[in-house]
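Structure first, then comments.
Here is the naming used below: chain letters follow the sequence lines, and residue numbers restart at 1 for every chain. What you see is a predicted model, and the numbers here were worked out from it, not measured in a lab.
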Amino acid sequence: GDSVTQMEGPVTLSEEAFLTINCTYTATGYPSLFWYVQYPGEGLQLLLKATKADDKGSNKGFEATYRKETTSFHLEKGSVQVSDSAVYFCALSGRQETSGSRLTFGEGTQLTVNP
Amino acid sequence: NAGVTQTPKFQVLKTGQSMTLQCAQDMNHEYMSWYRQDPGMGLRLIHYSVGAGITDQGEVPNGYNVSRSTTEDFPLRLLSAAPSQTSVYFCASSYSWGLNSPLHFGNGTRLTVT
């Protein structure tokens with residue numbers, strides 16, 4: 001079945017540091033890929049997505065590129081802020097019509113940014 | 001705009017008790033779903049619904065029941081709570097069940113079963 005593997009956390013960075021959170025996946029066909037973010041005490045919010053190979057999703061300074069050859073969708077940001085402290089989830093949705101909005105999530109990576 | 005509303009926010013149950021977690025959305029979304037979030041395991045799909053009167057099982061459905069009598073509401077029922085059901089539960093909805101409809105999540109219900 002489909003699966004998503006994220007780098008182990010937690011990750012602690014200083015403000016303005018470069019961020020990379022690794023995500024690799026296993027899926028049949030050609031899934032769509034997502035990054036969701038969860039701020040303390042809240043539900044998950046969609047951060048960015050990519051629906052086909054070589055697509056780059058971007059939002060709020062975060063970027064991720066859909067790499068079919070390495071089955072990866074790594075999240076990056078050039079300069080993190082304290083307000084970026086949150087849990088980040090990588091997820092995929094299968095291409096088959098019956099999958100619809102059913103998402104398979106990774107285990108999440110806790111990011112803490114210190115001033 | 002309330003979005004996805006979950007109640008209660010916190011609940012403590014004893015083993016064997018039953019309860020219903022409520023979920024309501026005011027966005028006229030067709031698709032609704034329930035996930036549980038456990039440390040080191042991410043979110044796992046419990047049940048989902050693609051429209052009123054239609055429900056289906058997700059990855060971890062055992063011990064949970066759902067129904068979808070209206071578009072707005074999608075309650076999750078625990079018939080006989082077990083300690084293994086201690087978790088944070090999230091309800092999520094989307095406009096359709098297609099790939100271009102992002103999920104909107106509620107703020108979660110933290111359930112402890114003793």
Side-chain angles (χ1 to χ4, degrees), chain A residues 1-10 21 23-27 29-53 55 57 59 66 86-110, chain B residues 2-10 21 23-25 27 29-51 54-61 74 87-110:
Chain A
D2 297 346
S3 66
V4 176
T5 302
Q6 291 182 230
M7 68 183 291
E8 291 186 12
I21 300 177
C23 171
T24 57
Y25 68 89
T26 302
Y30 303 96
S32 291
L33 301 173
F34 306 82
W35 278 100
Y36 277 79
V37 58
Q38 183 182 28
Y39 298 104
E42 299 182 7
L44 282 70
Q45 305 172 24
L46 178 65
L47 181 59
L48 53 84
K49 70 175 184 180
T51 58
K52 61 182 187 295
D55 267 3
N59 186 24
Y66 187 164
V87 182
Y88 292 81
F89 291 91
C90 186
L92 69 81
S93 177
R95 274 288 188 190
Q96 292 78 9
E97 186 177 3
T98 54
S99 296
S101 295
R102 292 182 59 165
L103 296 184
T104 299
F105 285 88
E107 59 268 34
T109 301
Q110 172 74 56
Chain B
V4 179
T5 302
Q6 291 184 237
T7 55
K9 291 186 178 180
F10 302 95
L21 279 63
C23 175
Q25 53 88 11
M27 298 173 283
H29 283 176
E30 288 185 1
Y31 180 92
M32 297 186 74
S33 55
W34 278 100
Y35 287 86
R36 60 177 288 172
Q37 182 181 23
D38 301 294
M41 302 187 74
L43 279 77
R44 292 179 292 169
L45 182 65
I46 304 171
H47 285 286
Y48 67 99
S49 168
V50 299
I54 305 169
T55 63
D56 207 346
Q57 296 181 350
E59 183 184 354
V60 287
F74 191 46
S87 187
V88 181
Y89 291 85
F90 287 100
C91 179
S93 70
S94 62
Y95 179 73
S96 73
W97 55 293
L99 294 171
N100 291 320
S101 294
L103 284 174
H104 296 256
F105 283 82
N107 286 349
T109 295
R110 184 174 295 275

Side chain, backbone, both or neither of B/Q37 within contact of chain A (heavy atoms, under 4.5 Å):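 Side chain only.
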Contacting moiety of A/Q38, where chain B heavy atoms sit under 4.5 Å: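 For A/Q38, the side chain is the part near chain B, not the backbone.
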Which heavy atom in [X] sits nearest to a heavy atom in [Y], and how many Å separate them?
X      : Y      : value
A/L46  : B/P102 : CD2-CB, 3.4 Å
B/L103 : A/Y36  : N-OH, 3.2 Å
A/E42  : B/F90  : O-CE2, 4.0 Å

Straight-line distance of A/L103 CG to B/Y35 OH, nearest 0.5 Å: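 Spacing of CG (A/L103) from OH (B/Y35) equals 4.5 Å.
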Contact winner vs chain A - B/L45, B/D38, B/D56, heavy-atom pairs under 4.5 Å: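 Among the listed options, the one with the most contacts to chain A is B/L45.
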